[in-house]
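Working notes for the structure below.
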Protein chains: 2
Amino acid sequence: MKITIGQIQMNVSQNKDENLEKARDMIQEVVKQGAKIIVLPEMFNCPYQAKNFPVYAEMQGEQTHQFLSNLAKEHEIYIVGGSIPERTVDNQIYNTCYIFDPSGNQIGKHRKTHLFDIQIKGKIAFRESDTLTPGEGVTIVDTIYGKIGVMICYDIRFPEFSRKMALMGAKAIIIPGAFNMTTGPAHWELTFRARAVDNQVFMIGTAPARQYDMGYVSYGHSIVVSPWGEVITCLDENEGILLTDVDLDLVEDVREQLPLLKHRREELY
Amino acid sequence: MKITIGQIQMNVSQNKDENLEKARDMIQEVVKQGAKIIVLPEMFNCPYQAKNFPVYAEMQGEQTHQFLSNLAKEHEIYIVGGSIPERTVDNQIYNTCYIFDPSGNQIGKHRKTHLFDIQIKGKIAFRESDTLTPGEGVTIVDTIYGKIGVMICYDIRFPEFSRKMALMGAKAIIIPGAFNMTTGPAHWELTFRARAVDNQVFMIGTAPARQYDMGYVSYGHSIVVSPWGEVITCLDENEGILLTDVDLDLVEDVREQLPLLKHRREELY
């Protein structure tokens, strides 16, 4: 089953409406070029800073949710809506990805499950848990192309999470994410390739573009990796779109030749 | 805790005695250069072919086992004895790594737990299960330098296995292994780096040298990777030794800055 993935590596400004307009324009462009599944970056409507999350947060069904649903319906495409800060009725804030089908219906929702709290000496410190609540597990959506897993950024660090998705039938895993200038060069490509090879799935990561004037500087480098671990396409750090043709049948092909999932000794782990 | 690792990337001939002599000479060389833990490659006394395993197999305590024990005692070093075919009293054959302390005592033994049965179209086919029985789980040894995990080659493909070792306290994982000319260029370095980054451990892999006239052509590239995922040292394909100074305290340092093991959501996997 062949399909074109369209990724939106966009700059994110302080102005939410501007961010939505930009997303709309870039989505129109990848749709024009044939994309059927569109992936936005993590926190595409809100500059990635813990203090911003409560300020930009919306309830499900509000502005950004409605905006994405409308675009999916208008263009008859799947949208994996990057992520936005979601506020709940009991005033919790989550880092949430909404997923819409070509009718504009929400078919899934992932709340970032592993919060990003790190402190690398002289390099970078960040504490999502200052303002965010963690989600509660794995998200898989059914599409006409097959099952697709969705996680957000730091979730990819935990091999158990991708493994679970693969065992639940995911043929691709989509990850809105924003690695930074320390972890990005060191681990971004490596981690996408590793999850791809270990689980024999396509790994698709969409990052915000790099903006040096932001509090958190994104590494960029939106990427698509094959089930054999090859980087199929990758952007640099600049704002741009990425179109990639993937053949999901390659998953079964690789698994037949190198039957890693069959060779697991589950009783021993 | 600083320590020098010595790796023996040797050619393997049809002649077992010749293989042991070569191992002895190369071990003497790395000891002279300060190595305290010596790692031999997978199947260092037997050309890596399923049909050879029953022919070269020995019971525990026989020639090669005694040879390694004596060398460890003579040089007062740890030896992670690559692997050899082990025959049991009930005539099963295992791909086995014996581990000796500086007194020559066996402190651990790993039987390859995931057997290598693959068939990559037009590239490589191999079926260890034609002659081998799989081992039954994780192996960790206690050394004066800390806990070290030991696995063999294809075992590294399964992220659960390395993860279990890290959770059991391993600060380094040592892997005698022989990737081939298809899987080696594609996945050898990637897999070592991935396990290192995900588990924040040192990963140490020792391969046989490449010999194009062998039935199974080893990729070589014996390697040491840091807990941050950096390749510290790596050989090319030729016969040679590799000496690497590692500081096992780096494990705690990396885990403090990027607390991946603490951030696991174990209840969800």
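Per chain, numbering begins at 1; letters A, B, ... match sequence-line order.
Counting only heavy atoms from C-beta outward, the side chains of A:Cys46 and A:Ile84 never approach each other to under 4.5 Å. Two residues are said to be in side-chain contact when any heavy atoms from C-beta on lie closer than 4.5 Å; B:Pro227 and B:Phe202 meet this criterion. Inter-residue side-chain proximity for B:Met151 and B:Thr113 is flagged as unmet; no heavy-atom pair is nearer than 4.5 Å. At a threshold of 4.5 Å between non-hydrogen side-chain atoms, the residues A:Val201 and A:Met165 do not count as touching.
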Please step through salt bridge (Lys or Arg N to Asp or Glu O under 4.0 Å) for the pair B:Arg195 and A:Asp198, ending with a clear verdict. CA-CA 11 Å; B:Arg195 300 295 173 261; A:Asp198 289 343; 2.8 Å; yes
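Counting heavy-atom pairs closer than 4.5 Å to chain A, the top-ranked of the candidates B:Thr183, B:Leu115, B:Ile124, B:Val197 is B:Val197. Counting heavy-atom pairs closer than 4.5 Å to chain A, the top-ranked of the candidates B:Arg163, B:Lys123, B:Arg157 is B:Arg163. Of the listed residues (B:Ile118, B:Asp253, B:Leu190, B:Val254), the one with the most heavy-atom contacts under 4.5 Å to chain A is B:Leu190. Each of B:Ile120, B:Asn199, B:Thr191 has some count of heavy-atom pairs under 4.5 Å with chain A, and the biggest count is that of B:Ile120.
Proximity to chain A involves both the backbone and the side chain of B:Glu136, based on heavy atoms less than 4.5 angstrom apart. Within the 4.5 angstrom heavy-atom criterion, atoms from both the backbone and the side chain of B:Lys121 approach chain A.
For A:Phe116, the ring pair (Phe, Tyr, Trp, His ring centres under 6.0 Å) partners at least two apart in sequence or on another chain are A:Phe126, A:Tyr154.
Listed in order of number, the residues of residues 258-269 of chain B that approach chain A to under 4.5 Å between heavy atoms are B:Leu258, B:Pro259, B:Leu260, B:His263, B:Arg264, B:Arg265, B:Leu268, B:Tyr269.
Applying side chain to side chain contact (heavy atoms under 4.5 Å, CB included) to B:Met203 and the options B:Ile156, B:Val231, B:Ile223 leaves one that passes, B:Ile156. Each of B:Tyr216, B:Trp188, B:Phe192, B:Tyr48 was scored for a ring pair (Phe, Tyr, Trp, His ring centres under 6.0 Å) with B:Phe179, with one residue passing: B:Trp188.
Atom CD1 in B:Ile175 sits 9.5 Å away from atom NE2 in B:His110 (nearest 0.5 Å).
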